[in-house]
Amino acid sequence: MQGQKHFANQEVTHFRLSERVPPHNFYRRLAELVDWGFLYDATKELYSHTGQPSLDPVVFFKLVLVARLENLVSDRRLVEHCALRLDILLFLGHEVTEALPWHSTVSRTRQLYPAAVFERLFDHVFAQCFAQGLVAGDTQAVDSAPVKANASLHRLCQKQPIEALVPRLRLTDAATSESPPLPAVAVLDTPAHVLRRVATRQAQQQTGHLGASRPGARLVSNKTHYSPTDPDARISVKTGKARALNYLCSLAVDTAHGVISHVQADFADSRDSVHLPQLVAQLQQRLLAQGLPLQDLIADTNYSSGVNYALLEQRGITPWIPVFGRYKVDVEGFTYDAVADGFTCPAGKKLRFVAYVTSLDGGLSKGYLASSRGCRLCAHKPTCAPKTKKRRIARTAYDPWYRRALHRQHSRQGQRMRRRRQSTVEPVFGSLLHYYGLRRVNTRSRASAHKTMLLAAVAYNLKKLLRHQPAQRLALAVALLKTTLTSSGAQSLQGIPKHSILSVVCSW
């Protein structure tokens, strides 16, 4: 006879949530892995001693970590998702009949807590990774990637000169409507030479730019436009992708087991090399807190800078950073004398060091100059210096550091370091963007984006920590399994299902 199941929707009176979640469940093991009690002391000063009880700080951080682990970006979907999962409810410490906090409560609590609390959670988990032997600390790989901001390109506003923002005179009796003050980023304070450069670039792109013939098409720049929705978001372009308002996620990964050792949110309209000094200072401080000296730093060409080379060597760190392609080792036809610090032209004339020169963009270079008499009587002047009275040469002030970096780049160890970076930090970025909800941030402001990136890094390190099984612990579990099988009369492990062996190992 055919059976039919009827759903009666009965009220269950005897139900224990802890009995429904197995011991090897991910979230059950995660709740036992971390001591969450320090979060109460970290957030105690943010609350008053009177009033209604707030959302539990531990529950909040567990909620936002679940969002990263489940690859959820929206707070609304996070609350809906948690209500359907028994293991997550046990992880949060919520009963089945207990209502979860509103999504707006999660958002307001995120704004209440400063970034220092999130960094303290990151340091706490990082210290646990170090205690388990997952962090070596001597070699770190650095990279960055754009993360989409919670703002649209279609709502960009044009920056105004400071004169246009001065309020006009008005009568005291006239009614006025108070308008919110404009952010500092809305003021047009870009130097004139940079604006001319932007105008020239846009004029060159106006004819061949994709979509330039559309009626509503316009060329925008961070120098002339800003986002009123999120003033900290910046326009950035990556090869093969459309322009968007982004943040820059800068990341440092330990090369021993791929644990994230540092993460920060930066503005996306500048080169990666600009953010390296701050990253190295905070990274080195975190490693020294665990007694780990930083010896080698691996990065790609975007971090190539004379300032970075000099800074890292000054801190005792070997920079394994390829030299930027625009740097030239030698000036064609000229010979450099390191002892006299000067050049010799093909005609044998000397170009001596004159002074340090600072460019409009802040770059520091060394100026070399030939004599006027020598150049005036030289037969090579029409081709060597046709528009000036004498030949000038400008070389970067960090030329010795560039040469050492170039030597390391072409060495055999330099090639190994390049492959090591590609196999370490790039897979971590791919995981964060595709599986930890970092494809875009659902918050606004750079500080909020920094919190989101910290949570994604904490979730990644926690999963690394849960998957780690020390060799001594595995050997003990296997020895115990062999002893159990021998006492029961079994002679070997053959024929035993793998899931049975794994369950015993996981229970230990």
Side-chain angles (χ1 to χ4, degrees), residues 5 7-40 53-103 105-106 109-110 121-122 124-125 128-129 131-132 134 431 435-437 455-470 473-474 476-478 480-481 484 496-508:
K5 179 70 174 64
F7 178 65
N9 196 20
Q10 297 179 356
E11 183 178 355
V12 180
T13 56
H14 301 286
F15 179 84
R16 191 181 296 273
L17 183 58
S18 59
E19 296 177 354
R20 294 290 179 173
V21 181
H24 60 270
N25 178 264
F26 173 81
Y27 285 103
R28 186 159 193 166
R29 294 164 54 208
L30 181 60
E32 301 171 355
L33 178 68
V34 181
D35 182 13
W36 306 90
F38 74 97
L39 292 172
Y40 293 112
S54 68
L55 173 63
D56 190 317
V58 174
V59 175
F60 164 76
F61 278 101
K62 287 183 178 181
L63 265 173
V64 291
L65 280 176
V66 167
R68 301 299 111 189
L69 292 168
E70 298 292 326
N71 198 15
L72 299 173
V73 179
S74 171
D75 291 338
R76 294 175 183 267
R77 289 197 58 190
L78 169 64
V79 177
E80 294 175 359
H81 182 80
C82 293
L84 300 175
R85 294 276 297 270
L86 295 180
D87 55 348
I88 296 180
L89 289 177
L90 181 63
F91 175 63
L92 298 176
H94 272 250
E95 297 290 346
V96 178
T97 57
E98 189 177 0
L100 288 170
W102 287 84
H103 65 87
T105 306
V106 178
T109 307
R110 185 191 293 111
L121 175 61
F122 178 85
H124 185 79
V125 175
Q128 282 194 266
C129 293
Q132 293 295 327
L134 291 174
S431 299
Y435 303 111
Y436 290 85
L455 288 172
V458 169
Y460 183 87
N461 287 345
L462 283 174
K463 188 170 286 189
K464 277 274 184 182
L465 197 58
L466 277 175
R467 291 176 176 175
H468 176 63
Q469 295 289 342
R473 189 176 177 185
L474 273 176
L476 181 62
V478 173
L480 178 65
L481 183 60
T484 305
I496 302 178
K498 292 184 179 180
H499 63 83
S500 301
I501 300 177
L502 288 176
S503 61
V504 175
V505 173
C506 291
S507 64
W508 273 78

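Note: hydrogens, waters and symmetry copies are ignored here, and every other heavy atom, side chains too, is used.
Here the straight-line distance linking atom CD of Gln132 with atom CG of Leu466 works out to 10.5 Å at 0.5 Å rounding. For the atom pair CG of Leu65 and CG of Leu462, the computed distance is 6.5 Å after rounding to the nearest 0.5 Å. Rounded to the nearest 0.5 Å, atoms CG (Leu72) and CG (Leu78) are 6.0 Å apart. Taken to the nearest 0.5 Å, the CG atom of Leu33 stands 5.0 Å off from the CD atom of Gln128. The CZ atom of Arg77 sits 11.5 Å away from the SG atom of Cys82 when rounded to the nearest 0.5 Å. Distance check: Thr109 OG1 to Leu55 CG gives 5.0 Å after rounding to the nearest 0.5 Å.
Without hydrogens or angle criteria, Arg28 side chain to Ser18 main chain gives a donor-acceptor distance under 3.5 Å. Panel note: side chain Glu70, backbone His81; no donor-acceptor pair is recorded below 3.5 Å. A donor-acceptor contact shorter than 3.5 Å is absent between the side chain of Arg29 and the backbone of Pro23.
Between Tyr436 and Ala456, the shortest heavy-atom distance links the atoms O-CB, 4.1 Å. Of all non-hydrogen atoms in Phe122 and Ala457, the two that sit nearest each other are CE1-CB, 3.6 Å. In terms of heavy atoms, Leu100 sits closest to Leu92 at CD2-CD1, 3.9 Å. Between Ala31 and Trp36, the shortest heavy-atom distance links the atoms O-NE1, 3.6 Å. Nearest approach of Lys464 to Leu134, heavy atoms of both residues: O-CD1, 4.2 Å.
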Let's go through Val66 and Arg85 carefully: what are the C-alpha distance in whole Å and the side-chain angles of both, what is the deciding distance for side chain to side chain contact (heavy atoms under 4.5 Å, CB included) to 0.1 Å, and is it a yes or a no?
CA-CA 11 Å; Val66 167; Arg85 294 276 297 270; over 6 Å; no

Decide yes or no on side chain to side chain contact (heavy atoms under 4.5 Å, CB included) for Leu121 and Phe38, but give the supporting numbers first.
CA-CA 9 Å; Leu121 175 61; Phe38 74 97; 3.7 Å; yes

Report the C-alpha distance between Asp87 and Phe26 in whole Å, list the side-chain angles of each, state the deciding distance to 0.1 Å, and finish with yes or no for side chain to side chain contact (heavy atoms under 4.5 Å, CB included).
CA-CA 8 Å; Asp87 55 348; Phe26 173 81; over 6 Å; no

Apply side chain to side chain contact (heavy atoms under 4.5 Å, CB included) to residues Leu30 and Leu69 and explain how you reach the verdict.
CA-CA 11 Å; Leu30 181 60; Leu69 292 168; 3.9 Å; yes

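Residue pairs that meet the side chain to side chain donor-acceptor pair (under 3.5 Å) test with at least one member in residues 91-102, sequence neighbours left out, do not exist here.
Looking at Tyr460 and Arg68, their side chains never come closer than 4.5 Å, going by heavy atoms from C-beta outward.
Phe91 and Tyr27 have tilted rings, their planes meeting at an angle from 30° to 60° on a 0 to 90° scale.
Residues satisfying the ring pair (Phe, Tyr, Trp, His ring centres under 6.0 Å) test with Tyr435, not counting sequence neighbours, are none.
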